[in-house]
Amino acid sequence: MTVVVFAEKNKAAAKLATILSGGNSTREHMADLPVYSFVAKGEEYKIIGLAGHITSYDFDPAYRDWKAIDPAVLLTTNPIKNITKKNYERAVRQLAKQADSIVLACDYDREGENIGFEARDIALQVRKVPVKRARFSSLSANEVQKAFDNLVEPDANLALSADTRQILDLRMGAAFTRFMTLAVREKAYTKNILSIGPCQTPTCGFVYEREKAIRDFKPEDFWKIEAVFQAGSSEFEGVHRKGNIRDVELAKQIYEKLEGIKEATVFRLNIKEKQINPPYPLNTNEFLKRASKFLDISPEKALELAEQLYLAGFISYPRTETNRYPEDHDFKSMLKNLLRIGEYASFAENLLKTTVSPRNGKKDGHDHPPIHPIKAVSEKQIKNAVKLDNSWKVYDLIVRHFLANLMDPALFEKTHMEVHVKDEPFDCKGSVMKSEGWKQVYPFEISKENLLPPAAEGDKVAVNKLTNTKSQTTPPKRLTEAELLTLMDKHGIGTKATAPSHIETNKKRGYFEIKGKTISMLDTGFNLMDALGVSVPILIQPEIRAKIEGLIEDVEEGKKPFAEAISEGTVLIQKMYTRLKSGKGDIVLRIAGSIKDEKLAEDKNNHIGKCDKCGRTLSIIRTDKGRFVGCSGYPECRNTYPLPRKGSLDVMRSRGCKNGGFAVLKVSGGKYYWSVGIGPCFNCEKQKLCFPPTVIGKCPSCGCDMILIETKDSKFLGCARRCGFTCSYPQKGRVTLRDETCEECGWKIVRVKEPKKDARHYCINRKCNKKFKNLL
DNA sequence: GCAAGGTC
């Protein structure tokens, strides 16, 4: 009898074979894919690993023409399941021919059940045989063995719940995306796609909400009364108990009451020991957040790096929700191996002297253990094996986190001193690390120390300084990628493996961008979210995912038949679609405008800047009758500025106008300059500020600056005070002034490159004796 | 050309 087993991926198949065969399996190939065979308990087993999903839904080709098909039709069209990985199909068919029974052994979750059914459906077309399910939440020998000894029925509802998600996501995503893209193209020329989806859009929504809070923020004044005290020879700071005082009169009253007082009393002293526990073990989300926060590596890159480290055998499987180790996890052998690696040896050594126990979290996704190192390797080995930037940094973070998790808490002594100036209370806080604990191995989070001098209740201290400072409340900060991941996780947007891809999608679409660690909204994204917020608010809120999720769960639990969930979900999407359609005019107006503006900004030759009347874009407009600077908001905004009639125009990106002009243009290759909104620069009293002379050294005759003087048709060096001293400027070749100066006379070194000759460097001062020597 | 979810 032959049992054919389908696992989620090759790695898992290999592991299952090792466990079930007791290490005696053989590897063969089918359709170029590895298959593991062995005999156990009188049965012949053949195990193959799939590659996650091997099928995918898509619409029939007849629905693929964006222009011919009304996007609304997609909402009620049933997509077709296509096989996307043909070689897996071939292998499954070949195996099915030999099968007397089939066991589905993919990950024990919704997608895993669905992946198993994809293979099952193909196999049953070949041969009708009984199909069972092996359920295990980790690839430990114990659990796997138990699962295969107690096979259960496959869960059709669990598998169908994933189909529900796939179909509803596709219907909604395709219909909304086509609708928006085509609508905007009616008003603006763009090849870009404006996509909308049940995960990407609420992800963008988080960024938008923060951006709006920043834009709507109105700063408020507040006052803060602070004191510098002195006990013995050391100074320390205190803040008045009322903190940020909004009421100017109140602050003034307190301050005036205390002004001039030189002595205060320690009224109360409170010393507490505070313990900071080590971090929980790493699940995917926490890993991505920390990689972004500590190492400045984007979630997308971090996941890719972890994947490579996993494939190279250095760390455990990086996609997991679980942040607690199984009871029987073997820490000691890993620690022993880490003794070999210089960076970690001392920590591992100390831990091996103790009974090792992790500080576990509470999340158990029944999938894989937390991310941890499985091989101790040096920086060199990592860099040789994984040739991607930052591979070592990521491995190092994972090892340090692994160690930190096992170490003792860090202990701090927190001192709170309440000092009274007259009867007004000031708070002084101190924090001193007593025992570093896990922080020794974890340099990513640094705790600030702040020492208070020893004092007892009732002691007198000196008041050295008292201030009443006015400040302003500051707007909320832009979201970081780490914070965005937290929000997504909290609202169930995406999964451990897909969250980074939703962030990438928004970047690709030009909705937001990431600079360093912070995310800022781009105009297209802001306008899209702003407009959707008016007509279909639910779309940009995380609840949209929750609604569909609810239906999926009903199918999973058998509370709702598949067809009913699909039709209910469809009604929900249709309602949103209707609202989207009725808001079309407004949405398109705003987005088309911002797309036009972005296109103009990319046109470096003609882009001038932001319109001071309406905020849209100013650019050079050329017509039959002449040229001028005009606004992209025309005809609603008729703001224009004149330009010189003749001559070529070059926008000077690096030169600003000190008189409020929008941009400086070079006319006829440098004949003169023109500031948009002001006129020719030679008429402007601030010309010298915008065009400071290039100083090349000191005038040997009068001692003031020698400058480069440029006229319409010549260049020479002259004294800034016009004492009469002049000097010629190289006439041939490409001339560049360097930062270096001549040791002899202090004038600048110049680089001259004539065609077909080597570049020469020499002192620009012709009277200097170092002339015409190659100086650099 | 469109979504989101697996994994390579």
Side-chain angles (χ1 to χ4, degrees), chain A residues 6-13 32-34 49-61 63-69 71-75 77 79 81 84-85 87-88 106-119 159 161-185 190-204 284 303-304 306-308 310-312 317-320 367-368 488 492-506 508-509 539 544-545 548-549 552 569 573 577:
Chain A
F6 298 125
E8 183 136 334
K9 53 184 170 280
N10 179 48
K11 272 255 146 104
D32 269 346
L33 296 166
L50 306 169
H53 289 288
I54 58 172
T55 71
S56 171
Y57 279 101
D58 204 352
F59 292 109
D60 185 276
Y63 293 91
R64 286 188 199 155
D65 185 335
W66 286 37
K67 288 208 181 92
I69 303 292
V73 171
L74 300 178
L75 296 177
T77 302
K81 215 175 212 187
T84 47
K85 290 178 182 138
N87 52 336
Y88 286 87
C106 297
D107 292 357
Y108 178 27
D109 57 24
R110 187 187 287 158
E111 299 298 331
E113 199 74 16
N114 190 277
I115 291 163
F117 269 65
E118 291 175 15
S161 71
D163 286 287
T164 315
R165 175 194 62 71
Q166 290 175 34
I167 293 170
L168 291 176
D169 285 354
L170 176 60
R171 282 182 170 177
M172 174 184 163
F176 285 36
T177 299
R178 288 190 194 181
F179 175 82
M180 279 310 310
T181 304
L182 295 176
V184 168
R185 284 182 194 175
T190 174
K191 281 182 183 162
N192 295 344
I193 287 169
L194 282 127
S195 64
I196 289 175
C199 286
Q200 56 172 274
T201 305
T203 299
C204 194
T284 307
L303 196 58
E304 159 84 25
E307 175 79 29
Q308 294 302 321
Y310 159 69
L311 289 171
Y317 188 66
R319 284 184 278 267
T320 176
D367 42 7
H368 301 269
M488 292 170 74
I493 306 294
T495 67
K496 62 201 176 209
T498 62
S501 77
H502 301 312
I503 298 178
E504 287 303 309
T505 305
N506 279 293
K508 193 168 97 194
R509 297 284 182 241
L539 212 48
I544 176 65
R545 183 81 240 171
I548 295 178
E549 184 67 24
I552 298 167
I573 298 170
Y577 189 84

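Order of the sequence lines sets the chain letters (A, B, ...), proteins ahead of strands, with each chain counted from 1.
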- Lys/Arg-Asp/Glu bridge criterion (N-O < 4.0 Å) met for A:Arg110, A:Glu549: yes

- Task: For A:Asn87 and B:dT7, give me the distance from atom CG to atom C1', rounded to whole Å.
- Result: 13 Å

- Query: For the side chain of A:Trp66, counting heavy atoms from C-beta on, which of B:dA3, B:dC8, B:dC2 is nearest?
  - Reply: B:dC2

- Listed partners of A:Tyr310 passing side-chain hydrogen bond (donor to acceptor under 3.5 Å, both in side chains), at least two apart: none

- Item | Residue-phosphate contact under 4.0 Å: A:Tyr63 side-chain N/O, B:dC2 OP1/OP2 | no

- Query: Under 4.0 angstrom, heavy atoms only, what part of the nucleic acid is A:Pro198 near: base, sugar-phosphate, or nothing?
  - Reply: sugar-phosphate

- Task: Calculate, to the nearest 0.5 Å, the distance between atoms CD and OG belonging to A:Gln166 and A:Ser56 respectively.
- Result: 7.0 Å

- Message: Tell me the interatomic distance from A:Ile493, atom CD1, to B:dA4, atom P, rounded to whole angstroms.
- Response: 10 Å

- To the nearest Å, give me how far apart CD (A:Glu307) and C1' (B:dC8) are. 7 Å

- Item | Closest nucleotide among B:dT7, B:dA3, B:dG5 to the A:Arg509 side chain | B:dA3

- Using a cut-off of strictly less than 4.0 Å, decide whether A:Ser501 has a side-chain nitrogen or oxygen near OP1 or OP2 of B:dG5. no

- Query: So do A:Phe59 and A:Leu170 actually touch side chain to side chain, heavy atoms under 4.5 Å?
  - Reply: yes

- side-chain N/O A:Arg319 vs B:dT7 OP1/OP2, d < 4.0 Å: yes

- Please give, in whole Å, the distance from B:dC8 P to A:Ile54 CD1? 13 Å

- Task: Could you check A:Arg64 against A:Tyr317 and say which one's nearest nucleotide on DNA chain B is further toward the 5' end?
- Result: A:Arg64

- Query: Of the nucleotides B:dA4, B:dC2, B:dG5, which one has an atom closest to the side chain of A:Phe59?
  - Reply: B:dC2

- side chain to side chain contact (heavy atoms under 4.5 Å, CB included) against A:Thr181, all qualifying residues, sequence neighbours excluded: A:Trp66, A:Thr177, A:Arg185, A:Ile193, A:Leu194

- Item | Presence of A:Arg545 side-chain N/O under 4.0 Å of B:dA4 phosphate oxygens OP1/OP2 | no

- Task: Return yes if a side-chain donor-acceptor contact under 3.5 Å exists between A:Ser501 and A:Thr498, otherwise no.
- Result: no

- Message: Whole angstroms only, please: what is the NZ-C1' distance between A:Lys508 and B:dC2?
- Response: 10 Å

- Note on the structure: Closest of B:dG1, B:dA4, B:dC8 to the A:Ile193 side chain is B:dG1

- Query: Any side-chain N or O of A:Arg110 less than 4.0 Å from the OP1 or OP2 oxygen of B:dA4?
  - Reply: no

- Take atom CG of A:Leu168 and atom C1' of B:dC2, then tell me their distance rounded to the nearest Å. 16 Å

- Can you figure out which of B:dC2, B:dT7, B:dG1 approaches the side chain of A:Thr181 most closely? B:dG1

- Message: Nearest to the side chain of A:Glu111, heavy atoms from C-beta on, is which of B:dA3, B:dG5, B:dC8?
- Response: B:dG5

- Query: Could you give the CD-to-P distance, from A:Glu8 to B:dT7, as a whole number of Å?
  - Reply: 5 Å

- Pairwise 5' ranking along DNA chain B for A:Gln308 and A:Leu170, keeping only the more 5' one: A:Leu170

- Side-chain N,O (A:Thr495) to OP1/OP2 (B:dG5) below 4.0 Å: no

- Query: For A:Gly112, which contact category applies under a 4.0 Å heavy-atom criterion: base, sugar-phosphate, or nothing?
  - Reply: nothing

- Would you indicate what A:Ile196 reaches in the nucleic acid, counting non-hydrogen atoms under 4.0 angstrom: base, sugar-phosphate, or nothing? sugar-phosphate

- Out of B:dC2, B:dT7, B:dG5, which nucleotide sits closest to the side chain of A:Lys9? B:dT7

- If only side-chain N and O atoms of A:His502 are considered, is one of them under 4.0 Å from the OP1 or OP2 phosphate oxygen of B:dG5? yes

- Is any NZ, NE, NH1 or NH2 atom of the basic residue among A:Asp169 and A:Arg545 found under 4.0 Å from an Asp or Glu carboxylate oxygen of the other? yes

- Phosphate-side-chain proximity, A:Gln200 and B:dA3, N/O vs OP1/OP2 below 4.0 Å: yes

- Query: How is A:Tyr57 classified with respect to the nucleic acid when contacts are heavy atoms under 4.0 Å: base, sugar-phosphate, or nothing?
  - Reply: base

- Query: Please give, in whole Å, the distance from B:dG5 C1' to A:Glu504 CD?
  - Reply: 17 Å

- B:dA3, B:dC8, B:dT7: which one has an atom nearest the side-chain heavy atoms of A:Asp107? B:dT7

- Message: Mind checking if A:Asp58 touches a base, just sugar-phosphate, or nothing, with heavy atoms under 4.0 Å?
- Response: base

